[in-house]
Amino acid sequence: MPSGHGPRIPPLPEDERDEQARALLDPTRIEGRDLNIFTTLVRHPRLFKSWSGFGGYLLYRGELPARDRELLILRTAWNTRAEYEWGQHSRIARTVGLSDDEISRVIDGPAAPDWKASEAALLRAADELHLEAVISDITWDALTGHYDEHQLIEICMVVGQYHLVSFTLNSLGVQREPGVTGFP
């Protein structure tokens, strides 16, 4: 996060939203609440519209199992030190079957005990993409035993998408919503 105590670019207040901003934000509300990620990024409406379509596809309509997607996102959030993403996706991960213990183990990575082979391979893939910008042959071979072509492509895209988001949120100083915890 940037040094300082507040966001570099603050969320767009409700009383400053035009019709376009309201239309873009309306489908992103969760339980009637706006999230800071969206109310900040909507300040660039054309980019927001394109990005939210891509991100929404990966999050809601992708072919990776939701649990596997969340493991990738949490490991990417940890690797990029993106507390906003960690907080939001810890909540989402619980709704798709990850336990608090498993969420905590993501921090220890693929070598932590009790991961299934496919889960360890996913975490290793996230690490390799983060550090080397490529999945090694050994990890790729492990993934191909569990995932089809579409899912293999999504693995790379999910990690890339959440790097983009993490880098942006960290640099803009987007703050977590009240009650959303960061790293343990």
Side-chain angles (χ1 to χ4, degrees), residues 1 7 11 25-41 51-130 139 142-143 146-148 150-170 172-184:
M1 286 295 260
L25 288 170
D26 193 46
T28 69
R29 298 187 96 193
I30 298 191
E31 298 174 1
R33 294 186 345 242
D34 290 320
L35 298 180
N36 291 338
I37 180 175
F38 302 125
T39 56
T40 301
L41 298 180
W51 164 79
S52 63
F54 175 67
Y57 175 83
L58 290 173
L59 188 59
Y60 298 114
R61 296 177 304 282
E63 296 180 30
L64 271 176
R67 177 186 168 84
D68 295 353
R69 179 199 68 228
E70 291 306 316
L71 284 172
L72 287 169
I73 294 169
L74 287 171
R75 188 62 182 171
T76 300
W78 177 255
N79 284 337
T80 58
R81 302 303 183 257
E83 285 203 79
Y84 187 95
E85 286 302 287
W86 180 270
Q88 289 296 340
H89 283 276
S90 291
R91 294 166 60 162
I92 294 169
R94 287 181 191 96
T95 70
V96 299
L98 282 155
S99 68
D100 287 339
D101 176 64
E102 290 170 317
I103 292 167
S104 293
R105 279 199 339 255
V106 167
I107 292 169
D108 296 327
D114 299 325
W115 291 123
K116 293 187 297 186
S118 61
E119 295 167 337
L122 283 172
L123 296 171
R124 205 167 40 256
D127 287 356
E128 291 172 359
L129 286 166
H130 179 73
T139 301
L143 293 169
H146 302 280
Y147 301 100
D148 66 25
H150 289 186
Q151 294 168 324
L152 291 166
I153 292 169
E154 282 186 24
I155 289 168
C156 300
M157 291 289 198
V158 165
V159 173
Q161 152 71 1
Y162 283 90
H163 267 89
L164 173 117
V165 170
S166 296
F167 295 161
T168 302
L169 298 181
N170 286 349
L172 299 181
V174 174
Q175 307 288 299
R176 292 186 313 275
E177 286 76 20
V180 177
T181 59
F183 296 129

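Only this structure's heavy atoms are used, side chains among them; waters, hydrogens and symmetry mates stay out.
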inquiry  = When you compare the side chain of Arg75 with that of Leu71, does any pair of heavy atoms fall below 4.5 Å?
reply    = no

key: Distance, nearest 0.5 Å, that separates CE of Met157 from OH of Tyr57   = 10.5 Å

request  = Taking the side chain as every heavy atom from C-beta outward, state whether Leu172 and Leu41 have any pair of such atoms under 4.5 Å apart.
outcome  = yes

query = Closest heavy-atom contact between Ala121 and Leu143?
reply = CB-CD2, 3.7 Å

side-chain contact (heavy atoms from CB on, under 4.5 Å) assessment of Arg81 paired with Trp86 = CA-CA 8 Å; Arg81 302 303 183 257; Trp86 180 270; over 6 Å; no

ask   = What heavy-atom pair brings Ala66 and Val96 nearest, and what distance separates the two atoms?
value = CB-CG1, 3.6 Å

Side chain to side chain, His146 and Gln151, heavy atoms closer than 4.5 Å = no

note = Note: Pro11 and Asn36 closest approach over all heavy atoms is CG-OD1, 3.7 Å

ask   = Ignoring hydrogens and geometry, is there a side-chain-to-backbone donor-acceptor pair from Tyr84 to Ile37 under 3.5 Å?
value = yes

inquiry  = For a quick test of reading the model, state the closest non-hydrogen atom pair linking Ala77 to Ser166 and the distance between them.
reply    = CA-OG, 4.4 Å

inquiry  = Has Asp127 got a side-chain atom pairing as donor or acceptor with Gly109's backbone, closer than 3.5 angstrom?
reply    = no

Pairwise distance CD1(Ile103) to CZ(Arg94) - rounded to 0.5 angstrom = 4.0 Å

Separation of Thr181 OG1 from Phe183 CZ (nearest 0.5 Å) = 10.5 Å

task = Could you go through the side-chain contact (heavy atoms from CB on, under 4.5 Å) check for Leu98 and Val106 one step at a time?
result = CA-CA 10 Å; Leu98 282 155; Val106 167; 5.8 Å; no

inquiry  = Looking at Leu59, is its backbone amide N or carbonyl O close enough to the side chain of Arg69 to form a donor-acceptor pair, meaning the two atoms are under 3.5 Å apart?
reply    = yes

Option from Glu177, Arg176, Glu83 for which side-chain hydrogen bond (donor to acceptor under 3.5 Å, both in side chains) with Gln88 holds = Glu177

ask   = About how many Å separate CG of Leu164 and OG1 of Thr76, when rounded to the nearest 0.5 Å?
value = 12.0 Å

query = Considering only heavy atoms from C-beta outward, does the side chain of Tyr147 approach that of Glu63 to under 4.5 Å?
reply = no

task = Output the distance between atom CD1 (Ile155) and atom CG (Asp68), rounded to the nearest 0.5 Å.
result = 7.5 Å

ask   = Any side-chain heavy atom of Arg105 within less than 4.5 Å of one from Glu102?
value = yes

task = Decide yes or no for Trp115 and Leu122: does some side-chain heavy atom of the first lie under 4.5 Å from some side-chain heavy atom of the second?
result = no

key: Shortest non-hydrogen contact from Thr139 toward Ala125   = CG2-N, 3.8 Å

task = Indicate yes or no for a side-chain donor-acceptor contact from His130 to the backbone of Ala126 under 3.5 Å, with no hydrogens or angles considered.
result = no

Thr28 side chain vs Leu25 backbone, donor-acceptor pair below 3.5 Å = yes

inquiry  = Using 30° and 60° as the class boundaries, would you call the ring planes of Tyr162 and His89 parallel, tilted or perpendicular?
reply    = perpendicular

Phe38 side chain near Val174 side chain, heavy-atom distance below 4.5 Å = no

inquiry  = Rounded to the nearest 0.5 Å, what separates atom CG in Leu129 from atom CG in Asn79?
reply    = 10.0 Å

